[in-house]
Amino acid sequence: MPSRIMLNPGDIATLDLTDPRTHAEYDLSEVWRHLRTTQPFHWHPSTGGAPGFWVVSRHADVSEIYRDNKRFTSEKGNVLTTLLMGGDSAAGMMAAVTDGPRHSDLRKILLKAFSPRALEGVVDNIRQSTRALVAEAIARGECDFAADVAADIPLTAICDLMGVPEADRAKVLELTATALGNDGAAQSPAAAWQARNDILAYFGTLAAERRANPGDDAISVLATGTLEGKPLTMDEIVVNCYSLIIGGDETSRMSMTGGVLALIEHPDQWQALKSGQADIATAVDEILRWTTPALHFGRTALEDIPVGTQGQVIKAGDIVTLWNDSANMDEDVFEAPERFRLDRTPNKHLSFGYGSHFCLGAYLGRAEIAAMLSALRDLVASVELRGDTRRNYSNLLSGVTSLPVTLRGE
Ligand code: HEM
């Protein structure tokens, strides 16, 4: 991967944060630093006929808006793509784009699937399969860490969580890759749309089976749950199943792969991991901060809100985007934020969001990264880059989609 080109504050006037290339090909750290200091609420002009939107870059403001679900809503979309299209077809049905009491009720149902008892087996399996994948990679000597190790772990965990039969897993993985557009810059929107519909139809079939014959997996929990005294509709069930995949697959993969790259680029931190000096739980959070797999989330303002010190007003109906990658590098919150330090504490990163929509899969995501770090520490003597890496093209999901490495065993 050629290193990303550093953009300067002078480039802000022409910056297009909606363009996937901006994030894949350019380093925005100087731009973010400048915005945090001089324009913490920056108005991004409209692009390609879509509306303009606010860009919020400081940790304090991003957290505040995440927490404020009275004056900001997720029901008109929570990511740039849907916000700019004017809404999300799953609004009011899928937890991430539902607010108010309905959202709390949906979260309560979903939380049953994330209970410690439900997750115990899933996490055990994550540990075992991660060790096995790393051991296989060592035996081969060379691998693409993204495709050969990280790709399988999150989706296997989500499939375990949902009780997806083994035989269907390869198909679910392929459809997910297409639906989320992580096949490179040339992803066709029609193929993505078709793949999304195919996944929804597949979950519909599973949900109908589980309604008749429930287990304790997430699909059964949704298929037997009630909202305002009524069973969830089939649409509500399938979009919430789908949300576990869109929420938990790519994000976790990006953090694991990005974590390995960060360790390669910071040999002192690799040593800290190997010597046992680095506490795994603390290291997991630094990897989450450093990689920030979800670049942004967004909201729509429900009323006029004065902001900042420059007399600006967010108007009712305005789109407001919250940039986690900037907030996680905010020097007001993180000491020497540009340093990757596995022993960083405190570490109030916003990689899982904040407030009422705080990531439901945070425990699972952390468990996956922890399993990877333990496997690397115990089984791998050295890891080296052996070719070009490739970055994801997206304005939402940031990270490395190909990481060719040589792994040597202990
Ligand atoms: C919500 C990030 C893993 C399921 C969120 C949000 C963020 C996030 C930032 C907040 C969205 C908002 O405020 O609009 C991440 C990252 C992960 C990860 C960085 C991995 C490193 C997972 C996993 C699952 C999951 C493993 C499930 C299997 C969800 C769900 C929501 C959510 C269902 C919506 C919660 C709600 O609206 O109440 N995630 N996530 N995530 N995440 Fe995650």
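First listed ligand is number 1; within each ligand, the first listed atom is number 1. Since the structure is predicted, the reported quantities are computational estimates derived from the model, not experimental observations.
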How far is atom 41 (N) of ligand 1 from its nearest protein heavy atom, and which residue and atom name does that atom have?
C359 SG, 3.0 Å
One thing to verify: whether D68 and R71 come together as a salt bridge, which I'm taking to mean a side-chain N less than 4.0 angstrom from a carboxylate O.
yes
Using a strict threshold of under 4.0 Å (side-chain N to carboxylate O), is an ion pair present between D285 and R344?
no
Look at atom 2 (C) of ligand 1 and say which protein heavy atom is nearest, naming residue and atom and giving the distance to 0.1 Å.
S351 O, 3.4 Å
Suppose we call two aromatic rings close when their centres sit under 6.0 Å apart. Are W290 and H266 close by that rule?
yes
When distances are taken from atom 31 (C) of ligand 1, the protein heavy atom at minimum range is L360 N, 4.1 Å
Give the residue, atom name and distance (to 0.1 Å) of the protein heavy atom nearest atom 13 (O) of ligand 1.
R299 NH2, 2.7 Å
Heavy-atom proximity to atom 3 (C) of ligand 1, best of S74, A95, G247, G365:
G247
Distance from atom 4 (C) of ligand 1 to nearest protein heavy atom, with residue and atom:
G361 N, 3.9 Å
If you measure every N or O of S243 against every N or O of ligand 1, does any of those distances drop under 3.5 Å?
no
Among residues at least two apart in sequence or on other chains, which ones pass ring pair (Phe, Tyr, Trp, His ring centres under 6.0 Å) with H349?
none
What's the shortest distance from atom 23 (C) of ligand 1 to any protein heavy atom, and which residue and atom give it?
G248 CA, 3.2 Å
Nearest-option assignment for atom 38 (O) of ligand 1, heavy atoms, candidates M256, H296, R107
R107
Considering only non-hydrogen protein atoms, determine which one is nearest to atom 37 (O) of ligand 1 and report residue, atom name and distance to 0.1 Å.
H357 ND1, 2.6 Å
